[in-house]
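Structure first, commentary second.
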Amino acid sequence: MTRERLVEGVSELESRVGQPLPLAQSLHQALLGAVFPLTAEELTWVARENEASPTVLSLLGVLPRGSFPSVDAVAVALEQDADRAETLSEPRASTLTPPR
């Protein structure tokens with residue numbers, strides 16, 4: 001496959017699917033060259049070597065302990081963490097009865 005055909009294929013795919021999310025793109029760039037599985041600490045080292053943004057480094061810093069088999073698994077873990085944080089920040093109905 002020539003480089004021109006590859007670029008055409010990517011352009012066609014982006015026109016149908018859309019551009020990748022900026023965070024997803026940043027995450028992929030930050031972990032470029034990583035050989036999985038890696039721990040959260042190792043992911044942070046790779047991202048630092050790839051001169052990742054402070055935002056990406058912060059996100060990688062709060063990943064749960066354990067090993068990640070791929071960059072997609074890292075993205076899923078980050079998404080789950082964001083969902084958890086959003087749930088915790090939602091206002092809850094008070095279970096206490098107001099004073100009379």
Side-chain angles (χ1 to χ4, degrees):
M1 176 178 283
T2 67
R3 183 181 187 97
E4 294 168 357
R5 286 192 47 143
L6 180 60
V7 170
E8 286 175 14
V10 169
S11 297
E12 181 182 329
L13 180 62
E14 286 177 347
S15 68
R16 283 191 280 158
V17 177
Q19 292 279 342
L21 297 174
L23 180 59
Q25 190 175 21
S26 297
L27 185 63
H28 280 274
Q29 288 175 347
L31 300 178
L32 192 65
V35 179
F36 289 89
L38 293 172
T39 64
E41 187 177 7
E42 292 168 330
L43 290 167
T44 302
W45 291 340
V46 171
R48 281 191 181 126
E49 287 294 318
N50 287 334
E51 299 178 359
S53 71
T55 302
V56 172
L57 291 172
S58 294
L59 290 170
L60 293 174
V62 297
L63 283 171
R65 293 188 185 267
S67 185
F68 296 89
S70 68
V71 72
D72 292 332
V74 173
V76 168
L78 290 173
E79 184 177 303
Q80 288 173 347
D81 191 47
D83 289 344
R84 228 177 294 119
E86 187 175 299
T87 301
L88 291 175
S89 68
E90 289 177 359
R92 296 182 183 173
S94 176
T95 56
L96 299 175
T97 308
R100 294 181 188 192

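Atoms considered below: every heavy atom in the structure, side chains included; atoms not considered: hydrogens, waters and symmetry mates.
Rounding to the nearest 0.5 Å gives a distance of 5.5 Å between CG of Leu43 and CG of Leu31.
Side-chain atoms of Val74 and Glu79, non-hydrogen and from C-beta on, never get closer than 4.5 Å to each other. Taking 4.5 Å as the limit, some side-chain heavy atom of Leu60 sits within range of a side-chain heavy atom of Leu27.
Heavy atoms only, all atoms of each residue included: Phe68 and Phe36 are closest at O-CD2, 3.2 Å.
Under the side chain to side chain contact (heavy atoms under 4.5 Å, CB included) criterion, Ala52 pairs with Ala30, Ala47, Val56, Leu57, sequence neighbours left out.
Within the structure, side chain to side chain donor-acceptor pair (under 3.5 Å) contacts touching residues 40-69 (residues at least two apart or in different chains) are Thr39-Glu42.
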